[in-house]
Amino acid sequence: MTTLLLRNADVIATFDDADSALNNASIFVRDNVIEQIGPAVALPQTADATIDARGLILIPGLVNTHHHFYQTLTRNVPGTQDVALFPWLVRLYPIWARLTPDAIRVASALAMAELMRSGCTTASDHTYIWPNGARLDDQLEAAAEMGIRFHASRGSMSVGQSQGGLPPDSCVEDEAAIMRDSQRVIERYHDAARFAMTRIVLAPCSPFSVSAELMRESLALARISGVHVHTHLAETLDEERYCLERYNMRPVELAESLGWVGDDVWHAHMVHPNAAEITRLGITRTGVAHCPTSNMRLGSGIAPVRALARAGARVGLGVDGSASNDSSDMRDEVRQAMLLHRVHEGPEAMSAHAALRMAIRGGASVLGRDDIGVLAPGMAADIVGYRLDALGLAGGAVHDPLASLVFCKPGNVDVSIINGRVRIADGAFVDVDLPRLIERHNRIARALVRDELR
Ligand SMILES: [Zn+2]
């Protein structure tokens with residue numbers, strides 16, 4: 001057993017049900033779990049390891065509910081910068097078809113590093129293309145090295161262009177092989193226990209790249225295995241037209257007809273549900289990953305997440321893939337969410353606190369976790385701290401430290417603890433060679449896209 005003390009934080013925002021905030025307070029961690037939290041004078045003064053948290057605000061780690069880590073290799077590719085989702089995908093599919101196990105491993109590590117430095121401690125990823133021998137195992141190796149809490153999707157695509165889908169046939173897999181591999185990764189890696197660092201998710205990509213049968217089979221396997229399912233849904237009007245033409249149903253109707261609603265299901269985007277669909281998604285407590293930056297970047301629209309949350313849906317935030325954001329910065333996503341909904345519905349639409357809560361408690365709920373998202377005894381020790389004397393917070397944090405994290409521009413986290421392990425201290429990773437990782441990543445990215453331009 002080891003203990004860790006984060007001592008004398010200026011502010012601790014716990015995100016408990018009462019939204020308690022403590023000044024000059026400490027957190028005492030035993031192994032991977034928070035044991036005590038309270039005024040610094042009332043807590044133990046020593047531990048096996050101690051972090052001086054003076055000058056910091058501590059909050060629960062942010063939870064990212066939608067990403068495509070491999071896309072860090074194809075950010076900002078010319079030809080994808082100013083187009084909508086379908087042409088964007090068509091341009092990128094052939095590039096992604098050349099991904100390798102090493103490319104997936106390195107891109108995943110890089111995306112995790114960027115997420116962690118922005119304050120994220122739990123991330124989901126949705127990789128749906130597995131060319132040239134790449135496997136989910138490659139991402140899981142990277143996550144273990146980086147020390148992030150990881151919900152890994154065994155994503156899939158099975159309907160290529162020759163069958164009426166959007167991706168080229170070279171990017172899709174055989175459905176029987178997808179199901180066999182899904183079963184394999186669940187048996188090998190899924191951890192249902194409290195404080196699990198690895199959970200497996202089954203995630204057929206989208207209505208225009210998989211069959212209804214694969215959606216049904218994936219859901220059936222997930223439900224007998226106790227794992228969650230995830231897909232893209234109601235992201236664009238192009239997708240809506242595709243579903244109406246092919247299935248004579250709107251995207252949400254299609255998902256409902258396949259059983260894809262409920263508290264073990266979450267959909268990325270949900271930009272275009274109608275009022276009746278919002279009500280039904282709420283009643284079924286279906287989850288939604290809100291990705292405001294990606295939706296703005298691709299011009300997809302504004303997801304009605306306030307209405308969805310009011311109806312009862314579980315709503316969290318996601319940065320989405322790095323080819324449509326083009327960053328993995330969870331702080332930015334919180335700020336974008338707050339600002340976007342104000343454009344739409346006025347300045348009272350979303351407070352800084354509500355946007356942060358969506359990224360923390362909302363994200364935990366979307367991923368089906370009751371052991372993260374609150375700083376309290378018995379919860380996982382996933383804690384991040386930002387310096388309140390950062391340049392971008394000057395003149396803002398002094399008035400309202402928590403809201404300054406959203407309204408102003410905090411720096412990277414000064415400290416990140418994930419499952420009780422110190423991952424970032426004094427603003428730097430304790431054991432990740434970031435320049436080397438970036439150099440390797442850029443070498444792969446250059447080769448991947450240069451080949452495409454030939
Ligand atoms: Zn996505």
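We number each residue from 1, following the sequence as shown. Every number for a ligand or one of its atoms is a count from 1 in the order of the listing.
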Q: Taking the six-membered ring for Trp and the single ring otherwise, decide whether the centroids of Tyr242 and Phe86 are under 6.0 Å apart.
A: no
Q) So do the side chains of His67 and Ser124 get within less than 4.5 Å of each other, counting heavy atoms only? A) no
Q: Spell out the protein N/O/S atoms under 2.8 Å from the Zn ion (ligand 1) as residue plus atom name.
A: His66 NE2, His68 NE2, His232 NE2, Asp320 OD1
Q. Is the His341 to His290 ring centre distance short of 6.0 Å?
A. yes
Q) Donor-acceptor pair, Arg297 side chain versus Ala323 backbone, under 3.5 Å? A) yes
Q.
With a 6.0 Å cut-off on the ring centroids, do His66 and His232 count as close?
A. yes
(Q) Per the ring pair (Phe, Tyr, Trp, His ring centres under 6.0 Å) rule, what does the pair list look like for residues 143-185, sequence neighbours excluded? (A) Phe69-Phe150
